[in-house]
2 protein chains.
Amino acid sequence: MKNIDSSRVTIKDIAKALNVSISTVSRVLSNHPAISEATRKLVNDKVKEMGFSIDPIASSFRSKKTKSIGVVCPRIDIDFHSKVISGIEEYAYQQGYQITIFQSQDNYQKEKEIVQMIESTLAAGLIICPGLETRKYDHLKKIKKANIPLVVYDRSTDGLKTNKVMINDLEASFKATEHLIKAGCKSIAHISGDQEVSIFKARLLGYKKALEQYNLEIREELIKEAKHLSHQEGLNLAQELIQGKTSFDGIVCANDYTAAAAIQTLKKVRRIPEDLKIIGFSNYPISTMIEPQLSTIDDSAYHMGKVAAKLLIQQIEDRDLDLLDYQEVLIKTELIVRESSSH
Amino acid sequence: MKNIDSSRVTIKDIAKALNVSISTVSRVLSNHPAISEATRKLVNDKVKEMGFSIDPIASSFRSKKTKSIGVVCPRIDIDFHSKVISGIEEYAYQQGYQITIFQSQDNYQKEKEIVQMIESTLAAGLIICPGLETRKYDHLKKIKKANIPLVVYDRSTDGLKTNKVMINDLEASFKATEHLIKAGCKSIAHISGDQEVSIFKARLLGYKKALEQYNLEIREELIKEAKHLSHQEGLNLAQELIQGKTSFDGIVCANDYTAAAAIQTLKKVRRIPEDLKIIGFSNYPISTMIEPQLSTIDDSAYHMGKVAAKLLIQQIEDRDLDLLDYQEVLIKTELIVRESSSH
DNA sequence: CTGTTAGCGCTTTCAT
DNA sequence: ATGAAAGCGCTAACAG
């Protein structure tokens, strides 16, 4: 009758109803070993009967621990990030964690602000994909210093020793290029991404490495940089390639938008895949909707999210273990061969 | 020297350093009016000097208020939801709120579980897009009863009186159909979505309403349901339309994937837009990458997120106001005319 | 195995 | 305009 309006049942209410101490109730709730089966059952039954659920705020306040993971990415509505986050959420939820999401908009100031906020919020951990502008990592070093587990995904962070989950971009791009070579291409062009960004640098390197390894000449005039890897840029660069004087029979693109653009532009003047083979990167929805269907590299974004979450939660729960250690996980990508590169 | 390792500076430390009471410090921090300018400045300076920031957990614990908004959607990695969430995050962050995200996977049990958890977490509010399986709204009614502000987005929830933000699907579909009619189409087909889902029902209704209004006959054999609105279904249904005996000179599709499929299939046998005009729905990236470029309806997902967040935060902060009131906001969509329907 | 007790950092009356 | 003090619900020594 007392709690009729205060709505929330507390462990005190449970204890009183059962004539035990609040510690006993608290112990049952946290699965403390030193509790008899009898009282455990008694308490658990009462908990159900009275519809009690623990107040997570009070619990966090007291224990200085939360079940909340901060996630920072440039934008949520980018296909890749939304998939990664989906993976993070799924794994985290399963493990009893919640995720709180922030968008840095690739703005360094905002990213710092967010990270600082997360630090002061007593988050259990932080998963972040640093923005394009981010060159210094002091904000993340502070997180480490504050002893908050940290995982960086997708972008490399030179000089920051921390857990990282990344696509093996170099290997993936190598595989893509090698695939075209094995399909018979002798002169392969590359539409690359912003060379200020490590993953796009890696994709260019993978392309070059494959050419070298198979004794094909690297021709700079066949390498075109698309800063934003947009469809429109792809259209323009494909046109440039056509107009250039160096002939080519294959194109490795750093994403599927530019690859789709290349297909559209080039299929008007060449037969794909007979005379020209094209491969993209990321396995966007468009890759199956274009004709010919686009071969590509699946970037396993969803899987990456799961791995990032797993790595982080491991750290959170093994907090007492070797904190100085860190690992870099390279996610394997999958070559998906469709019509645009078949032979 | 005392706090050298306890890391966190508290209001107590500030108070001690200044020889004022903790209440004074607390008042300054919460902008209480009854504080002299002198002490306000004194405290604020010390706060900066000592690098103090308020402990949000302790604050929430004491005040029973949080700055955390729960967001529940079927999946984050669906283009539409990721855009809505992006909008929510942007507005919420600006207003000093954080968003905690959950995926129901369109699973009713999981959705209930999540909502219950959010309720017990003392969330400041909840924004939800109910899953496809959800037919009962008891879990949401409980949220309302617990006095937690609630906003539902995208899906209608019959029988639940609450704040809603929805696309005006009927009007949008009407506009799309009307556009084809005005462009000269006399016999228009429709590739519809799952008719168990209210928004797809509304799109079908909008289509029919337009035909009626312009005195065109509704022919059931020109209406094809694509349960999942996938590209493959689009391919199949476009084929069915070709093979049917009823001729048509326009197609209104319930999304861009099926519309893209229709274009691909039909441009082999008809001239688009000269002999056949096609319009999609949602303005997915693919709509500008296909040839001819696809006319479509922009669903303003990002804007919808902003509006949802705004509505919710209004409620949170005007908590004392008329709680029984609720509003339904219909988001205006935009007709985007591209090549596939021009005349 | 169980109970007693001391707070965590803050907000908020109630004084003055 | 400021201070004193109570206590939010829970955890975790410590004591038996």
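Below, read A as the first sequence line, B as the second, and so on, with proteins coming before strands; counting in each chain starts at 1.
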A.B. asks: Determine, for A:E113 against A:K110, whether the closest basic-nitrogen to carboxylate-oxygen distance falls under 4.0 angstrom.
C.D. replies: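 Here A:E113 does not pair with A:K110 in a salt bridge, since their nearest N and O are not under 4.0 Å apart.
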A.B. asks: Can you check the A:K16 NZ to D:dG9 P distance for me, whole Å?
C.D. replies: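 It is 11 Å, rounded to the nearest whole Å.
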A.B. asks: With the side chain counted from C-beta on, respond yes when B:P130 and B:E111 share a heavy-atom pair under 4.5 Å apart, and no when they do not.
C.D. replies: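 Yes, their side chains come closer than 4.5 Å.
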A.B. asks: To the nearest 10°, let me know how far the axis at one end of the helix from C:dC1-D:dG16 to C:dT16-D:dA1 is tilted from the axis at the other, five pairs an end.
C.D. replies: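 For the helix from C:dC1-D:dG16 to C:dT16-D:dA1, the axes at opposite ends meet at about 30°.
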A.B. asks: Atom CD of B:E37 and atom C1' of D:dA1: how far apart are they, to the nearest Å?
C.D. replies: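 Roughly 12 Å, once rounded to whole Å.
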A.B. asks: So which atom in B:S53 and which in B:R8 form the shortest heavy-atom distance, rounded to 0.1 Å?
C.D. replies: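 Looking at all heavy atoms of both residues, the shortest contact is O-NH2, 3.4 Å.
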A.B. asks: Shortest non-hydrogen contact from A:L150 to A:Q315?
C.D. replies: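 Minimum heavy-atom contact is O-NE2, 3.5 Å.
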A.B. asks: Output, in order, the C-alpha distance, side-chain angles, deciding distance and verdict of ring pair (Phe, Tyr, Trp, His ring centres under 6.0 Å) for B:Y91 and B:H303.
C.D. replies: CA-CA 10 Å; B:Y91 187 85; B:H303 183 228; over 10 Å; no
A.B. asks: Can a side chain N or O of B:S36 be found less than 4.0 Å away from OP1 or OP2 on D:dT2?
C.D. replies: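 Affirmative; the distance criterion is met.
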A.B. asks: Quick one, give me the B/S/- string for nucleotides 6-12 of chain C, reading 5' to 3', where B means a protein heavy atom under 4.0 Å from the base and S means that only happens at the primed atoms, P, OP1 or OP2.
C.D. replies: BBBBBBB
A.B. asks: Can any side-chain N or O of B:T121 pair as donor or acceptor with the backbone N or O of B:A123 at less than 3.5 Å?
C.D. replies: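 Pair absent, no side-chain N/O of B:T121 close to backbone of B:A123.
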A.B. asks: Could you state the atom-to-atom distance from NE2 of B:H32 to C1' of C:dC14 in whole Å?
C.D. replies: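 For the pair B:H32 NE2 and C:dC14 C1', the rounded distance is 13 Å.
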A.B. asks: May I ask you to establish whether A:K161 and A:Y326 are in a cation-pi arrangement, using a distance under 6.0 Å from NZ or CZ to the six-membered ring centre and at most 45° from the ring axis?
C.D. replies: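 Here A:K161 fails the 6.0 Å and 45° test against A:Y326.
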A.B. asks: Any idea which heavy atoms bring B:I316 and B:P149 closest together, and the distance?
C.D. replies: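 So the two residues come closest at CG1-CG, 3.8 Å.
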